[in-house]
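Working notes for the structure below.
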Amino acid sequence: KDITYTITIRDVTNMLQASMTARVLFNWSTAETKKNMANVPLDVLTTKRKSEAMDVLQKLNNGGFVADIFAINALGEIVAVK
């Protein structure tokens, strides 16, 4: 089970809340946050740890963003996140 999880921000629903969320989660500066939020969709996390990916996904979706998670196995195939 060699699965890589990638979190992608698709949209910003609340600019102020999203800015605070991103600065806390990713330690982005104010300038980085503005730049990154202007460039959605944006991959923000790639990890092998499902628990980490699910935690970040929940925080983003509750923190002014619309985010998705994708799981890819060792063969490069997209698999369902269970």
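Heavy atoms only: backbone and side chains are in, while hydrogens, waters and symmetry mates are out. If you read the sequence from its start, that first residue is 1, and numbering goes on from there. Source: prediction; values computed, not measured.
Between the side chain of Asn61 and the main chain of Ala67, a donor-acceptor pair closer than 3.5 Å is present. Thr33 places a side-chain N or O within donor-acceptor distance of the main-chain N or O of Ser29, the cut-off being under 3.5 Å. Between the Asn14 side chain and the Ala18 main chain, no donor and acceptor come within less than 3.5 Å of each other.
Among the candidates Asp43, Thr47, Leu57, the single residue satisfying the side chain to side chain contact (heavy atoms under 4.5 Å, CB included) test with Ile7 is Leu57. When each of Leu60, Asn36, Leu25, Thr6 is tested with Val44 by the rule side chain to side chain contact (heavy atoms under 4.5 Å, CB included), just one qualifies, namely Leu60.
Under the 4.5 Å side-chain criterion, counting only non-hydrogen atoms from C-beta, Val56 is not in contact with Lys59. Counting only heavy atoms from C-beta outward, the side chains of Val79 and Ile72 never approach each other to under 4.5 Å. Leu45 has its side chain within reach of Glu52: a pair of non-hydrogen atoms, C-beta onward, lies under 4.5 Å apart.
Pairs of residues two or more places apart, or lying in two chains, never qualify as ring pair (Phe, Tyr, Trp, His ring centres under 6.0 Å) while including a residue from residues 46-80. Applying the ring pair (Phe, Tyr, Trp, His ring centres under 6.0 Å) test to every pair with at least one member in residues 18-38, sequence neighbours left out, gives these pairs: Phe26-Trp28. Among residue pairs with one or both ends in residues 18-32, none qualify as salt bridge (charged side-chain N to carboxylate O under 4.0 Å, His left out); sequence neighbours excluded.
Checked against salt bridge (charged side-chain N to carboxylate O under 4.0 Å, His left out), Lys48 has the following partners two or more places apart in sequence or in another chain: Asp2. Residues meeting the salt bridge (charged side-chain N to carboxylate O under 4.0 Å, His left out) test with Asp68, sequence neighbours left out: Arg10. Legend: residues meeting salt bridge (charged side-chain N to carboxylate O under 4.0 Å, His left out) with Lys34, ordered by chain and number and at least two apart, are absent.
When the shell of 6.0 Å around CD of Gln58 is examined, it contains 12 or fewer heavy atoms from other residues, nucleotides or ligands. Around the CG atom of Asn27, the shell of radius 6.0 Å holds no more than 12 heavy atoms that belong to other residues, nucleotides or ligands.
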Intermediate values then yes/no, side chain to side chain contact (heavy atoms under 4.5 Å, CB included), Val66 and Thr13:
CA-CA 7 Å; Val66 176; Thr13 58; 3.6 Å; yes
Just do the side chain to side chain contact (heavy atoms under 4.5 Å, CB included) check on Thr46 and Thr4 with the steps written out, would you?
CA-CA 7 Å; Thr46 300; Thr4 301; 3.3 Å; yes
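Of all the heavy atoms in Leu75 and Asn73, the pair that sits closest is N-OD1, 2.9 Å.
The structure places CE of Met37 at 9.5 Å from OG1 of Thr21, a figure rounded to the nearest 0.5 Å.
Met15 and Met20 are members of different hydrophobic clusters when ILVMFWY side chains are connected at heavy-atom separations under 4.5 Å.
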